[in-house]
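For reference, the structure discussed in these notes is given below.
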Amino acid sequence: MQEKLQEDWHSLDIKLLFFVFVGGGLGSIARYLCAIFLQKFSYFPLGTLFVNVFGAFLMGACIYLFFEKNLSSDWKIFLMSGFLGGFTTFSSFGMEVFFMMKQGYFYKTLLYVCASNFLVFLCVYLGFVFAKKLVN
């Protein structure tokens with residue numbers, strides 16, 4: 001078992017991990033700056049909405065460029081896993097839903113979307129209740 005883990009570790013491409021690391025850091029900084037800037041204009045979570053919607057738009061553009069036009073996989077890793085992963089995880093969700101729909105899995109996609117949204121909201125609430133009880 002340990003030999004298999006060592007073998008898997010050595011097969012990792014350090015360059016790609018670096019691209020994910022740098023892209024993720026830049027995406028996180030961009031998300032933070034957008035949230036700070038846009039929150040000045042509204043009590044509604046406009047910054048979060050913006051990064052989720054704009055991140056999904058960018059993910060759609062990346063899907064086209066990297067999967068339809070077969071552009072460089074280094075840039076795909078940097079932008080999709082790194083930058084957009086740091087900018088918003090909602091864009092990954094959007095990509096998964098897109099590919100499920102593209103493959104014709106309508107009901108599976110509907111279940112995934114509903115379950116994801118419900119479970120995320122439920123877990124935010126449960127996490128809040130848990131932390132409140134833990135602290136008090």
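For the numbers below, each heavy atom of this structure counts, side chains included, while hydrogens, waters and symmetry mates do not. By convention here, the first residue in the shown sequence is residue 1.
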Is Tyr64 reachable from Met100 through a run of I, L, V, M, F, W or Y residues, each pair having side-chain heavy atoms under 4.5 Å apart?
-> no
May I ask you to check whether Phe128 and Tyr125 place their ring centers less than 6.0 Å from one another?
-> no
Transitively linked via ILVMFWY side-chain contacts under 4.5 Å: Phe57 with Phe87?
-> yes
Do you reckon Val20 sits in the same ILVMFWY cluster as Phe18, going by side-chain contacts under 4.5 Å, direct or chained?
-> yes
Give, for atom CG of Leu49 and atom SG of Cys34, the distance between the pair rounded to the nearest 0.5 Å.
-> 12.0 Å
If you round to the nearest 0.5 Å, how far is CG of Leu111 from OG of Ser116?
-> 8.5 Å
Any salt bridge (Lys or Arg N to Asp or Glu O under 4.0 Å) involving residues 94-113? Give me the pairs, sequence neighbours left out, ordered by first then second residue.
-> Glu68-Lys102
Do the non-hydrogen side-chain atoms of Phe90 and Val53 ever get within less than 4.5 Å of each other?
-> no
Fit a plane to each ring of Phe37 and Phe41, take the angle between them on a 0 to 90° scale, and name the class: parallel (under 30°), tilted (30 to 60°) or perpendicular (over 60°).
-> perpendicular
Taken in chain and number order and not counting sequence neighbours, the residues that satisfy ring pair (Phe, Tyr, Trp, His ring centres under 6.0 Å) with Phe67 are Phe99
Do the side chains of Phe118 and Val129 join up, straight or via other hydrophobic residues, at under 4.5 Å, putting them in one cluster?
-> yes
Over 60° means perpendicular and under 30° means parallel, so classify the ring planes of Phe78 and Trp75, tilted if in between.
-> perpendicular
Are Phe93 and Phe50 joined in one hydrophobic group, where the rule is that I, L, V, M, F, W and Y side chains link up if heavy atoms are under 4.5 Å apart?
-> no
Kindly give the heavy-atom pair with the smallest separation between Ile36 and Lys40, and that separation in Å.
-> O-CG, 3.6 Å
Met80 and Ile63, any side-chain heavy atoms less than 4.5 Å apart = yes
Does the pair Phe21 and Leu17 meet the rule for a side-chain contact (heavy atoms from CB on, under 4.5 Å), with working shown?
-> CA-CA 6 Å; Phe21 174 74; Leu17 291 177; over 6 Å; no
Can you measure from CG (Asn117) to CG (Leu122) and round to the nearest 0.5 angstrom?
-> 12.0 Å
Quick check: does any side chain N or O of Arg31 sit under 3.5 Å from a backbone N or O of Thr88, one acting as donor and the other as acceptor?
-> no
Write down the atom of Cys62, the atom of Leu84, and the distance for their closest heavy-atom approach.
-> SG-CD1, 4.2 Å
Taken to the nearest 0.5 Å, the spacing of Phe98 CZ from Thr109 OG1 works out to 11.5 Å
